[in-house]
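What follows is a single structure, written as structure tokens, with notes after it.
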Amino acid sequence: MGVAIRTAGASDRELVTRLLDDAFQDDPVSCWIFPEEEYRRTTHPRLMAAFVDIVMAEGRVDVTGDGTACALWLPMPADGGDEHEGGHDGEDEFAALREALDPDNERIELIGRLTAEVHPAGRAHEYLWMIGVAPGRQGEGLGTALVGSVLERCDRDGVPTYLEASSSRSRGLYERLGFELVEQPLELPDGPLMWPMWREPRASRHSAEQAAAAAPQ
């Protein structure tokens, strides 16, 4: 049986924030941003809420029908844009996010700058910012279904996709879906690795059938 997927709306903000918070509380990158466990429990949800607000305003959030998994996607123009991928406006946004959430925590700003520096430019693509699955439902294929639904569309439209894997486990999942490492892993200062990954669109079955039908006999 397939996984029902819908586009989240404003009323889903708290649900999506909670899903991401639960899924990433013990993620290596989240632990690097907020090393103190007790402080992470209280501050991490605010960072996730800020991410949800950005993507709901500028991209799309997909959520499973039962509300146990979500994926945050941003369409990226060929020039990378100014708001999230570096440039003066992007730098201001990273600083503003830090100031709003945790002014003394430079890692909130640093993670944005470092990922922006390695984000590929030059081709329009879909950016999988985050994907979260409720801890009790992980390993059931929900994440694969969420990502796969977008990859199918990207394959039809000839659009590449990009993400940063935050753990070796998630890197393995994305490799099985056709993503490949972009150059070297990103090593956070005194912290874990992140894996920038890119996926070229695959020829869809529909496109292949159309090409075959149009070929000379």
Side-chain angles (χ1 to χ4, degrees), residues 7-63 70-77 79-121 124-133 161-167 170 182 185-197:
T7 301
S11 63
D12 296 302
R13 179 182 183 270
E14 297 305 318
L15 166 66
V16 174
T17 298
R18 186 172 62 252
L19 277 173
L20 294 175
D21 182 43
D22 289 345
F24 284 91
Q25 269 283 344
D26 298 317
D27 179 81
V29 175
S30 292
C31 292
W32 175 79
I33 297 174
F34 303 107
E36 299 282 341
E37 181 176 358
E38 184 174 348
Y39 189 70
R40 186 168 68 251
R41 301 300 177 197
T42 59
T43 311
H44 186 265
R46 296 169 55 203
L47 180 61
M48 298 299 102
F51 290 166
V52 172
D53 289 342
I54 291 170
V55 177
M56 281 191 166
E58 303 175 20
R60 189 185 70 259
V61 177
D62 291 337
V63 62
C70 63
L72 280 60
W73 292 92
L74 278 177
M76 301 300 300
D79 62 5
D82 292 328
E83 191 167 0
H84 298 292
E85 301 310 310
H88 180 70
D89 292 340
E91 292 175 1
D92 286 349
E93 184 182 55
F94 301 141
L97 185 62
R98 169 186 174 180
E99 183 65 27
L101 297 177
D102 195 0
D104 294 329
N105 189 348
E106 64 178 7
R107 290 181 176 180
I108 289 179
E109 184 176 348
L110 184 58
I111 187 74
R113 296 183 188 277
L114 292 175
T115 53
E117 287 176 1
V118 301
H119 196 131
H125 59 277
E126 287 282 341
Y127 175 30
L128 177 57
W129 190 332
M130 301 184 77
I131 183 167
V133 180
T161 45
Y162 172 77
L163 57 84
E164 297 110 5
S166 60
S167 69
S170 61
V182 178
L186 170 62
E187 184 173 358
L188 300 177
D190 300 316
L193 297 177
M194 297 183 73
W195 289 270
M197 306 185 76

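If you read the sequence from its start, that first residue is 1, and numbering goes on from there.
Using cut-offs of 30° and 60° for the angle between ring planes, the H119 and Y127 rings count as perpendicular. Ring pair Y162/H125 is perpendicular by interplanar angle, where above 60° counts as perpendicular and below 30° as parallel.
Between atom CE of residue M130 and atom CD of residue E164 there is a gap of 10.5 Å, rounded to the nearest 0.5 Å. Within the model, atoms OG of S166 and CH2 of W195 stand 8.5 Å from one another, a figure rounded to the nearest 0.5 Å. Between D102 atom CG and Y39 atom OH the span is 3.0 Å, to the nearest 0.5 Å. Remark: R98 CZ to I111 CD1 distance equals 14.0 Å, nearest 0.5 Å. Considering CG of L114 and CE of M194, their distance stands at 9.5 Å, rounded to 0.5 Å. Distance check: I131 CD1 to S170 OG gives 10.0 Å after rounding to the nearest 0.5 Å.
A 4.5 Å side-chain heavy-atom check between N105 and T43 finds every atom pair outside the cut-off. Using a 4.5 Å cut-off on side-chain heavy atoms (C-beta onward), L97 and I108 make contact. Within the 4.5 Å cutoff, the side chain of V55 has heavy atoms near those of the L74 side chain. Looking only at side-chain heavy atoms (C-beta outward), R18 and P45 stay at 4.5 Å or farther from each other. Looking only at side-chain heavy atoms (C-beta outward), L110 and W32 come within less than 4.5 Å of each other. In this structure, the side chains of E126 and P75 come closer than 4.5 Å at one or more pairs of heavy atoms. When side chains are defined from C-beta on, L128 does not count as touching T161, because their heavy atoms never get closer than 4.5 Å. Contact check for V61 versus D12: no side-chain heavy atoms found under the 4.5 Å cut-off.
The main-chain N or O of A50 is never found under 3.5 Å from a side-chain atom of D53 such that the two would form a donor-acceptor pair. A donor-acceptor contact shorter than 3.5 Å is absent between the side chain of S30 and the backbone of D27.
Heavy atoms only, all atoms of each residue included: G112 and F94 are closest at O-CZ, 3.3 Å. Smallest separation of non-hydrogen atoms from M197 and A165: SD-CB, 4.0 Å.
Paired with E109 under the rule side-chain contact (heavy atoms from CB on, under 4.5 Å), one option of R113, E106, R107 passes, and it is R113.
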Worksheet item: Can you list the steps and then say if H44 with F24 is a ring-ring contact (aromatic ring centres under 6.0 Å, His included)?
Response: CA-CA 9 Å; H44 186 265; F24 284 91; 7.3 Å; no
Fill in: Derivation and outcome, side chain to side chain contact (heavy atoms under 4.5 Å, CB included), residues I33 and R40
CA-CA 8 Å; I33 297 174; R40 186 168 68 251; over 6 Å; no
Item to complete: Mind running side chain to side chain contact (heavy atoms under 4.5 Å, CB included) on L72 and V16 for me, showing each step along the way?
Response: CA-CA 9 Å; L72 280 60; V16 174; 4.2 Å; yes
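Taking R46 as the reference, nothing meets the side-chain hydrogen bond (donor to acceptor under 3.5 Å, both in side chains) condition, with sequence neighbours excluded.
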